[in-house]
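Right, one structure below, let's go through it.
Residue numbers start at 1 and run along the sequence shown. Atom set for the values below is all heavy atoms of this structure, side chains included, hydrogens, waters and symmetry mates excluded.
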Amino acid sequence: MTHDVTERPPVHALLTDGTTMCIRPVVPSDHDQLEGLYEEMSPENLRLRFFAASHRSARLAADRACAPARIGYRALLAETQGRVIGLAEYDTGDEKDAAEVSIAVADGLHHQGVGTLLVEHLVSAARAEGITTFTADALSENHEVLKLFADLGLRTERRFEGPEVRCTITLDQSDTYLTAVEERGRAADVASLKPLLRPKTVAVVGAGRKPGSVGRAILHQLHAGGYTGRLLAVNPAAHSIFGVPSYSSVSALPKTPDLAVLAVPAAAIPATAEECGRAGVRALLVVTAGLDADQAHALLAACRSFGMRLVGPNCLGISNTDPELSLDATFAAGHPRPGTAGVAVQSGGVGIALLDGMSRLGIGVSSFASLGDKYDVSGNDMLQWWESDGTTDLALLHLESFGSPRAFSRTARRVTRRMPVLTVDAGRTDAGRRAAASHTAAAATRTMTRGALFTQAGITATRSIGELLETAALLHSQPLPAGSRVAIVTNAGGAGVLAADACAEAGLSLPDPTPELIDDLLAVLPDGAAVGNPVDATAAVTEEQLTDCVNRIMRYGGVDAVLVALVPTAVAAATGDDLVRALTRASGRRAKPIAAVRLEQGLPVELLPAADDSTIPSYAEPQAAARALAHAAHRAAWLARPARAIPYLDGVETERARTVVETYLAAHPDGGWLDPRTCADLLACYGLPQIPWAWAETEDDAVLAADRLRGSDGRVVMKAHWPGLVHKSAQHAVHLDLRGDAQIRAAFRDLETRFAGLMTGVVLQPLADRGTELFAGVVQDQVFGPLVLFGLGGTATEVLADHAARLAPLTDHDVHDLITSPRCAPLLFGAHGNGPVDLEELEQLLLRLSRMAADLPQLAETDFNPVLATRGGVTVLDARIRLVPCRPQDPYLRRLR
C-alpha cells in the first residue's frame, strides 16, 4: 500500500443541502489550513476528537496528515471554495487488512454530510488497497460520530470499554451499503437541483435588444410563459427588455439569482461563469455552443469552485410547468403543456420533436431538460428529480452518452419500479468494434452493451422518436397488460390479418377463443361474423354490437389486451365515427389495455377521448400498435419479477486471483494474453470447470503427456500455443482425434514446422465427449464496465452471432435471461429429444465468470469457446484471457462528473 496523491485526483461531491464539496488527498502545503481547522474547533469538539483538549493537538494532527507518504496511511480532506472543512484518515499500522480511521469536521458544518462523504471516499480507497476492516475509537458521548458509523450502511460492531467505544466496521460492498449511499446521494442531488428547476429568481445574461438572439428569445419565453418568480436581464446597453429590468452586469443585479441563463459568446462564458459564482448564483443554464477545450474547462472549473450546478452548454434550455412556477427557460417555439411526463434529451432538435409530439397527443410535461453537451447535470440527475418531485409518472429520455452507466442503472432500476422510463436507443452502430481480437470483443457491439443496460434496469428502449411517442401514448393512457396475449377485433378481414401479422412479429401471442367465448360473441355480432382471433365483426357491425363485442372480450380471462382495427366503410349500419364512438364507449377505465388501429388516420398516433375522462391510443399502422403493446407487456413482466439478487458463490479465492493478475502484469507491464498455465490458475480461483490438460514443449514431452491424459478411447487433442494466438482453428493450429504415439509425434512436428519461431509449446487434452458447444465470454467496456456474453459456440460463433449479453455483476434473473435469450436456447432445454443439459452447472459457470470480471478490472477480455454442455455437466474446453494494466474504479462512489 502506498500513499500517492496522484492515485486519486480531486473530485467533487454534493453535501446534504446540495452544495458542492471538493475531496482530495492532503499535500504538504495544506499544513497551515489543517492546523487552523483544529484550532478553530471549540474545546468540547477538540476533546471529543482527541479525548483531551490540548494546544499541541492541532499542530500534531496537521504534522501527521502532511508528513511524507508512507505505506498504509492515507488522508483525504474536504474543502469548499479553497477553505478546508474536514479531514478523514486511515492508518494500517502493523496490520495488513485493517486500518484505524479518524474524522474531523469544522465547527458549524456538522449534519451536512461532510464526514459521511469523506468516509465513503476513504472506504473506497481502502478497498482498492485490500483493506477489509476499519476500526475507530470514540468517546461514548460522541453521539455524532457513532451515528455516522451506524448510518453508513456497513456492518458495524461496538465494544464499550469504560468511557470509550471501539467500533469495528466491515468494508464489504453489500447491496445494503450501496442502497444507503444511493439514498444519501439522491437527497443531495435533488437539493442541488432546486435552484435550477425551482428557482425563485432568474437572470438572463446576454438578452439582446434586437430580435433573433437566443438570450432575447429565452427572456421572452420566461416573461410570456408567466414565470412567477423574479425575472431579471443582464445587458449593459439596455434598461428594460419586454418590461423586464436590465442591468449592466451580474454583480450589479439587485438580487442574487438562483439561476443564471448564459447566452453570451463562447469567449465570454468563462468570465461570466466566474462572475456568477462570485455573486452567489447557485445554478447555470448555458445555451451557448462552440466552446473550445480551454473555455469548457474554465466553465466547469468555475461551477465546481463555487458549487453551481450546470445544464449545457449547447442546449435548448429547461422548463418546469408547475403552475406555481411556470418556468420556461427555452427557445422552443411554444410552451410545453403542463402535465406529468418528464423529458430529458441531449439533442435540442430531438427535444423540440418530443415536445411537439407530446403536445399533439395532449400529454403534458412536468419538467423538461435539454442537457446539451452534458458537462454536469445528466439523465441520472433528472431521474432522481422526477422520482422526488411528486408529479412525474412517466419519464422520457434521449441520451447519446453515459457518464456512469452502472450508477445510472441502479437509479433507473429503482425509478422504473415507480414509473415507466422510456428511451431512444441512439447510436446503435459501432462497426469498428467488429475488428477486435477475440470472439467476445467481436460480439460485444455497442448496441448489445446498451441493450443490456436498458434491459437490466427495466428501461423501455425504442428505436426511434416515433416509436417512443407511440409507446408513451399507450403507457400514459392504459393499464399494463398481465401478459402478452392479444385479442384482435376488426370490421375488415384484411385489416385483421395485418394486425395479426404485426402482433406475431412483435412477439405477442394470439390465443384461440374458447367455445364459450365464441358462442358469446356470435350471439351479439351480425350474421357472417367470424369468431376466431382476429374476430371479424364484418362491415355490417353496428355501434352497439361493436361495443358489446369488445366489452365481452375485455371480460374474458384468456387475453391480456385488445387491439381493435377499424376501417371506414360505406355500409349504412355504422359510420366510421360510430365505430370510433363504440370503441371509446367500450374502453372506459379497464383492467386491460385497449388500443385502436385506424388505417385512414392522418397522424401516426392519437389519443381518443373515452369514457370516464380517460383516453385510448389510436395508431395509423398496426405495427406501431403491436410494438407499443409488446413494450407494455415487457414492462409488466419486468415488474412482476421478484427483487434481483446476486447469488452467493463458494470456493471463490479473490485475493489469490488478484495475486495471479498482479504477478502477470509485473512481468508484462503492457498486459497481454495469458499463457495456458496462468489462465488455468485464474479459472481455478473461481471454480470454473476445465477439461484436464497438459503442457509440452518437446515431442517427447507431448507423448508422455498424452499417455497421462488419454481417456477410455485413447484419443487426444493437440493445440499449438504462442503469445497472442487467439483463433487457433483459423490458424489451423489444432489437431483433433490423435491416437497412439506416432500420431502425437507427427502432429507435434507438423505444428513445430509450420509455426517455427512462434510456437512456445502445445496444450494436450483428452478428446471431449459429444455435447452442445457454447460460448461464454467477458469484455471490459471502458464506460459500461464488464459485459458478459453467452450463446452458441464453436468455430462459427461469430458467423451465427447467436449471443445474449448482460452487464456484470449478474443477478439470478440476469443468468436466466442469458441462458434463455439466444436462439439456441431450446437445445439447452432438451429440444429434439436429446434431454436438457446441466442447467445448474451452466448457471454456475456464468455467475463465476461474472464474479471474476467484477473482481478484476484488469481483465480486458475472456473467451471461453467452446464450452461443452451435456446432461452430466459443463466444461470449458478452451479459454483465453487478456489482461491490461487498470486502476480499479468505484462506479458507485458519490462524485460529480
Review item, side-chain donor-acceptor pairs of residues 329-337, under 3.5 Å, at least two apart:
residue	atom	partner	partner atom	Å
Thr330	OG1	Asp328	OD1	2.8
Thr330	OG1	Ala332	N	3.4
His335	ND1	Asp328	OD2	2.6

Say whether Trp638 and Thr416, considering side chains only, have a donor N or O and an acceptor N or O under 3.5 Å apart. no

How many angstroms lie between CG in Asn320 and CZ in Arg198, if you round to the nearest 0.5 Å? 6.5 Å

Distance-minimising heavy-atom pair for Arg304 and Asp376: NH2-OD1, 3.1 Å

Answer yes if the side chains of Ser618 and Gln601 hold a donor-acceptor pair under 3.5 Å, and no otherwise. yes

Would you check if there is a donor-acceptor pair between the side chains of Thr460 and Arg635 at a distance under 3.5 Å? no

Identify the two heavy atoms, one from Pro405 and one from Leu453, that lie closest to each other, and give their separation to 0.1 Å. O-CD1, 3.6 Å

Arg641 with Asp817: basic N within carboxylate O range, under 4.0 Å: yes

Working to the nearest 0.5 Å, report the span between OH of Tyr892 and CD of Gln173. 7.0 Å

Kindly indicate, with the supporting measurements, whether the criterion salt bridge (charged side-chain N to carboxylate O under 4.0 Å, His left out) is fulfilled by Arg894 and Asp189. CA-CA 10 Å; Arg894 283 201 284 158; Asp189 201 48; over 6 Å; no

Side-chain donor or acceptor of Ser614 paired with backbone N/O of Ala610 under 3.5 Å: no

Heavy atoms from other residues, nucleotides or ligands near NE2 of His816 exceed 12 (cutoff 6.0 Å): no

Does the side chain of Ile594 come within less than 4.5 Å of Val564's, by heavy atoms? yes

Which residue is it: His398, Arg450, Arg463? I am looking for the one with a side-chain hydrogen bond (donor to acceptor under 3.5 Å, both in side chains) to Asp425. Arg450

Do you know the tightest heavy-atom contact between Ala407 and Asn380? O-OD1, 3.9 Å

Can you give each donor-acceptor pair under 3.5 Å made by side-chain atoms of residues 354-366, sequence neighbours left out, with the distance rounded to 0.1 Å?
residue	atom	partner	partner atom	Å
Ser366	OG	Ala341	O	3.4
Ser366	OG	Thr392	OG1	2.7

Working to the nearest 0.5 angstrom, can you tell me the gap between Leu371 CG and Leu316 CG? 11.0 Å

How far does OH of Tyr619 sit from CG of Leu599, to the nearest 0.5 angstrom? 14.5 Å

Just jot down the side chain to side chain contact (heavy atoms under 4.5 Å, CB included) partners of Glu843, sequence neighbours excluded, or say none. Val815, Ile819

Donor-acceptor side-chain pairing of Glu467 and His631 below 3.5 angstrom: yes

Salt-bridge test for Asp814 and Arg644: reply yes if a basic N is under 4.0 Å from a carboxylate O, no otherwise. yes

Minimum heavy-atom separation for Gly226 to Ser326, with atom names? O-CB, 3.4 Å

Please tell me if the side chains of Leu397 and Val421 come closer than 4.5 Å, counting only heavy atoms from C-beta onward. yes

Supply the atom-to-atom distance Arg186 CZ to Arg410 CZ, rounded to the nearest 0.5 angstrom. 14.0 Å

More than 12 foreign heavy atoms under 6.0 Å from CZ of Arg418: is that the case here? no

Going by atom types only, do Asp258 and Thr201 share a side-chain donor-acceptor pair under 3.5 Å? no

Any Lys/Arg nitrogen of Asp151 or Arg184 sitting under 4.0 Å from an Asp/Glu carboxylate oxygen of the other? no

Side chains of Thr19 and Asp17 only: does a donor on one sit below 3.5 Å from an acceptor on the other? yes

Run Ser509 and Arg485 through side-chain hydrogen bond (donor to acceptor under 3.5 Å, both in side chains) and show every step you take. CA-CA 5 Å; Ser509 62; Arg485 302 168 300 173; 5.9 Å; no

If I take atom OH from residue Tyr227 and atom NZ from residue Lys200, how far apart are they, to the nearest 0.5 angstrom? 10.0 Å

How close do Ala289 and Asn314 get, counting heavy atoms only, and between which atoms? CB-OD1, 3.4 Å

Using every non-hydrogen atom in the two residues, find where Leu325 and Leu197 come nearest and quote the distance to one decimal. CD2-O, 3.3 Å

Asp781 and Leu787, any side-chain heavy atoms less than 4.5 Å apart: no

